[in-house]
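Notes to accompany the following structure.
Quick note: residue numbers are just sequence positions, from 1. Every number for a ligand or one of its atoms is a count from 1 in the order of the listing.
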Amino acid sequence: MYNNIHAYCKENKITLVVVSKTQSIEAIRDVYQKGQRLFGENRVQELVDKYGILPKDIEWHLIGHLQKNKVKYIAPFIAMIHSADSWELLTVIDKEALKNKRKINVLLQYHIAQEETKYGLSEHEGLEIVRRYLQNELPHIQICGVMGMATFTDDQQHVRKEFQHLKSIFDHLKNKYFPNEDYFKEISMGMSGDYKLAIEEGSTIVRVGSAIFQ
Ligand SMILES: *Cc1c(COP(=O)(O)O)cnc(C)c1O
């Protein structure tokens with residue numbers, strides 16, 4: 001399935017992050033050999049292990065909840081953290097980025113699903129973060145956009161509404177706070193079951209795992 005999904009994303013000018021969590025090194029190498037360089041993992045330990053073994057030109061994306069005490073393990077090399085979901089976490093990422101003399105790209109993860117268990121910011125929390133960021137309180141972070149996960153349901157109309165909600169959050173931030181900042185441009189939404197829907201609703205990055213490795 002990799003070739004089809006890759007071609008679909010390319011046609012639509014969408015960034016494809018292949019989610020390789022739980023996949024073997026061998027399975028990941030197969031996709032790498034087809035040309036894929038962006039991979040996503042949701043657990044720090046697994047990410048660090050795979051980073052150590054696989055080719056160094058892979059860009060690793062962290063897509064799962066990140067604990068503050070684990071930021072240091074990924075700060076030297078992570079290409080983007082999709083799951084920035086609190087001010088406290090962002091301050092830790094900023095400190096670790098400084099230690100590594102780099103800027104770290106992050107996306108603000110918003111809570112758009114109905115489920116209680118999913119992590120993510122409210123719109124109010126997101127605004128507070130953006131205000132402080134624009135006052136230069138996080139000088140070693142670049143906020144590149146937003147991320148969200150839809151409710152796990154077969155109800156396409158419901159999922160579509162949640163994606164539209166995330167898109168509207170993005171548009172508001174973009175227009176009001178980042179009109180001239182070219183780096184603020186990403187909407188990370190869409191997984192195996194809903195990436196086509198997400199692209200219709202304005203996604204710029206899809207995170208697809210199981211559909212590629214099945
Ligand atoms: C696992 C995961 C994905 C990919 O899910 P699939 O349904 O396997 O495509 C995307 N985003 C996050 C945050 C994940 O944890």
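- For atom 11 (N) of ligand 1, the nearest protein heavy atom (residue, atom name, distance) is Arg207 NE, 2.9 Å.
- Between Trp60 and Phe39, the angle of the ring planes lies from 30° to 60°, which puts this pair in the tilted group.
- The aromatic rings of Tyr177 and His172 lie perpendicular to each other, with more than 60° between the two planes, well past the 30° mark.
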- prompt: Can you check salt bridge (charged side-chain N to carboxylate O under 4.0 Å, His left out) on Glu46 and Lys21, steps first, answer last?
  reply: CA-CA 8 Å; Glu46 193 175 339; Lys21 66 186 187 203; over 6 Å; no

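- Among protein heavy atoms, the minimum distance from atom 13 (C) of ligand 1 is reached at Ile63 O, 3.4 Å.
- Considering only non-hydrogen protein atoms, atom 15 (O) of ligand 1 sits nearest to Lys21 NZ, 2.8 Å.
- Contact atoms of ligand 1 toward Met149: 13 (C) (distance under 4.0 Å to a heavy atom of the residue).
- Residue Val208 approaches ligand 1 through these ligand atoms, each under 4.0 Å from one of its heavy atoms: 9 (O).
- Atoms of ligand 1 found under 4.0 Å from any heavy atom of Ser210 (numbered from 1 in listed order, with element): 6 (P), 7 (O), 8 (O), 9 (O).
- Of the N and O atoms on the side chains of Glu123 and His111, not one donor lies less than 3.5 Å from an acceptor on the other residue.
- The protein heavy atom nearest to atom 9 (O) of ligand 1 is Ser192 OG, 2.4 Å.
- There is no path of hydrophobic side-chain contacts, each under 4.5 Å, that joins Phe77 to Leu38.
- Heavy-atom minimum distance, Gly64 versus Ser83: O-OG, 2.6 Å.
- Using a 4.5 Å heavy-atom cutoff, the side chains of Met80 and Cys144 are in contact.
- Heavy atoms of His82 found under 4.0 angstrom from ligand 1: none, in either backbone or side chain.
- Of all protein heavy atoms, the one closest to atom 5 (O) of ligand 1 is Met191 CE, 3.6 Å.
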